[in-house]
Amino acid sequence: MTVRRAPAYPPPVPAPHAPARLAALRRRLLAWWDAGHRPLPWRQPQRGADPYRVWLAEVMLQQTQVVTATPYWLRFVERWPTLEALAAARDEDVLAAWSGLGYYARCRNLLAAAREALRRHGGLPSGYDALRALPGFGPYTAGAVASIAFAAPVPAVDGNVTRVLSRLFLVEGDPAARAARARVAALAAALVDRERPGDLNQALMELGATVCRPSPDCARCPVAARCAARAAGRAAELPPPRRRPDKVRLVLACAVVVREGRVALVRRPAGGLFAGLAAFPAAEVGPGAEAGAALEREARERHGLRLRAGEELGRVERVLTHRLLELRALRCSLARPPPEEGIRWIPADELDGAGLPAAMRALAGVVCDVLGQAPPPSGGARDRGRARARANSLAPPRDFV
DNA sequence: AAGACGGGGTA
DNA sequence: TACCCAGTCTT
């Protein structure tokens with residue numbers, strides 16, 4: 001008797017699988033889900049599903065493991081319990097609370113989407129298409145929020161679901177390529193549960209996260225008997241690993257300007273690495289280039305900051321997804337009075353809470369050690385051994401105008 | 001289709 | 001070390 005619109009996503013593709021087989025899969029997966037799943041905090045239905053909390057979790061969990069995202073989620077809902085509260089927050093506060101979690105465009109899109117949703121819909125919209133139109137809502141997040149928070153019968157295909165379905169139905173080929181993606185999307189669409197779409201989608205993800213992992217534990221799998229890859233003895237080799245481009249080395253010189261116990265921080269430019277975050281004034285050091293000169297030029301051109309670069313206080317290396325990042329801290333003195341705007345002066349012992357990206361927070365730890373300041377309570381411990389302290393640089397800084 | 005975008009868990 | 005993670009956006 002219910003009138004249903006065809007889901008807008010994915011495009012209708014005929015599923016060559018018997019409805020009976022799909023129904024059996026749904027039944028087993030839901031039973032497995034009901035029999036017990038991880039009690040993650042955003043799954044606690046305090047007073048029914050809270051779309052805002054579901055959404056916040058989905059965004060934080062993009063390319064991020066549960067154990068990493070959880071403490072951030074708890075802090076966010078404590079500080080900004082509702083969509084309205086988040087929309088009213090200051091950008092820099094939210095970005096600072098996100099610092100360390102990575103992929104900072106997620107945070108900027110989160111804020112933009114919160115404000116746009118409130119303005120255009122009075123809250124989070126419930127339909128896939130309306131969600132998909134908001135910043136940061138790709139196919140996965142729109143499907144996850146629509147199905148989990150609003151019970152919309154749409155699929156939600158993430159890395160876990162791709163792996164699970166690739167194995168269950170023996171999908172061959174690079175999962176990033178169009179053919180395999182369309183195949184997985186069609187399977188996920190065919191498998192959607194009309195009664196409990198959110199639970200079925202979560203069951204697939206939970207299975208991928210806890211059982212059908214890259215190295216599968218088929219003995220614990222509720223649908224192992226129906227798994228085509230398992231039958232072929234190929235569960236562990238599907239889907240094929242994604243090939244990644246080589247990492248490019250990036251050296252960033254970071255200015256440590258200290259004035260009366262406070263350190264100069266700027267805001268990173270809108271696009272690119274660490275976009276929008278608080279950061280040390282920094283400059284890329286090309287191959288064969290001189291770090292101090294590059295830093296003096298960049299600080300002057302971008303921030304109006306006239307610096308004289310001095311000795312190196314320490315360095316830190318980080319492996320990012322696609323680059324090898326090396327941060328070199330250079331002590332700098334002010335050659336001219338600094339501009340009033342665009343520079344924040346942070347007490348050295350408060351750098352840890354200033355909203356720096358994780359790599360720069362680690363660098364701050366090294367620098368504080370070298371300068372004999374109170375080190376931040378966390379971060380950088382691993383790098384302290386690499387700090388290249390100079391015997392004559394241990395005295396408190398005396399860099400004044 | 002390919003690259004940019006962080007940081008950390010895991011084997 | 002290599003791969004992966006409840007992906008999205010831009011060339």
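Order of the sequence lines fixes the chain letters, A, B, ..., with proteins taken first and strands second; residue numbering starts at 1 for each chain.
Between dT8(C), dG6(B), dC3(C), one nucleotide has an atom nearer to the side chain of Thr141(A) than all others, and that is dT8(C). Listed candidates were dG7(C), dA1(B), dG7(B). Nearest to the side chain of Arg181(A) is dA1(B). Checked against dC4(C), dG7(B), dG7(C), the side chain of Arg244(A) finds its nearest nucleotide in dC4(C). Comparing dG7(B), dA1(B), dG7(C) by their nearest atom to the side chain of Arg178(A) picks out dA1(B).
An OP1 or OP2 oxygen of dC5(C) is reached within less than 4.0 angstrom by no side-chain nitrogen or oxygen of Gln63(A). Side-chain N/O atoms of His322(A) include one lying less than 4.0 angstrom from OP1 or OP2 on dC5(B).
Nucleic acid contact class of Ala358(A) (heavy atoms, under 4.0 Å, all strands): sugar-phosphate only. Within the 4.0 angstrom heavy-atom criterion, no nucleotide atom of any strand lies near Gly208(A).
Arg167(A) and Ala235(A) make their closest contact through NE-O, 2.7 Å (heavy atoms, listed as atom of the first residue, atom of the second, distance). Between Tyr72(A) and Thr68(A), the closest heavy-atom pair is CD1-O, 3.4 Å.
Between Tyr103(A) atom OH and dA6(C) atom P there is a gap of 14 Å when expressed in whole angstrom units. Remark: P of dA4(B) and CG of Leu325(A) are 14 Å apart, rounded to the nearest angstrom. When rounded to the nearest whole Å, the span between CE of Met360(A) and C1' of dG7(B) equals 15 Å. We find that CZ of Arg108(A) is positioned 13 Å from C1' of dG6(B), with the value rounded to whole Å. Between Lys247(A) atom NZ and dC4(C) atom C1' the separation is 11 Å, expressed in whole Å. dG6(B) atom P lies 14 Å from atom CG of Leu356(A), rounded to whole Å. The distance between atom CG of Leu101(A) and atom P of dG6(B), rounded to the nearest whole Å, is 11 Å. For Leu250(A) and dG6(B), the CG to P distance is 12 Å, given to the nearest whole Å.
Contact annotation: side chain of Thr64(A) to base of dG6(B), donor-acceptor pair present below 3.5 Å. Residue side chain Arg243(A) does not reach the base of dA1(B) through any donor-acceptor N/O pair under 3.5 Å, judged by distance alone.
The residue among Val319(A) and Ala179(A) whose nearest nucleotide of DNA chain B lies closer to the 5′ end is Ala179(A).
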Protein-nucleic acid N or O pairs under 3.5 Å, nucleotides 9-11 of chain C:
from   : atom 1 : to        : atom 2 : distance (Å)
dC9(C) : OP1    : Gly136(A) : N      : 2.6

Any protein N or O atoms within reach of nucleotides 9-11 of chain B? Criterion: under 3.5 Å, listing atom names and distances.
from   : atom 1 : to       : atom 2 : distance (Å)
dG9(B) : O4'    : Gln65(A) : NE2    : 3.4

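dC5(B) and dA6(C) have their P atoms separated by 23 Å, given to the nearest Å. Annotation: dC9(C) and dG8(B) have their P atoms spaced 24 Å apart (nearest Å). Rounded to whole Å, the separation between the P atoms of dC3(C) and dG3(B) comes to 16 Å.
Between Tyr52(A) and Trp80(A), the distance from one ring center to the other does not fall under 6.0 angstrom.
Residues satisfying the salt bridge (Lys or Arg N to Asp or Glu O under 4.0 Å) criterion with Arg234(A), sequence neighbours excluded, are Glu172(A), Glu237(A).
Using a 30° and 60° split on the angle between ring planes, Trp55(A) and Phe137(A) fall in the parallel class, below 30°.
With salt bridges taken as basic N to acidic carboxylate O contacts below 4.0 Å, one links Glu326(A) and Arg249(A). A salt bridge between Arg43(A) and Asp199(A) is absent, with no side-chain N of the basic residue lying under 4.0 Å from a carboxylate O of the acidic one. Salt-bridge check for Arg220(A) with Asp217(A): passed, with a basic side-chain N closer than 4.0 Å to an acidic carboxylate O. With salt bridges taken as basic N to acidic carboxylate O contacts below 4.0 Å, one links Arg115(A) and Asp91(A). Contact check on Arg90(A) versus Glu92(A) returns a salt bridge, with a Lys/Arg side-chain nitrogen under 4.0 Å from an Asp/Glu carboxylate oxygen.
Cation-pi geometry between Arg106(A) and Tyr103(A) is not met at under 6.0 angstrom from the ring centre and within 45 degrees of the axis.
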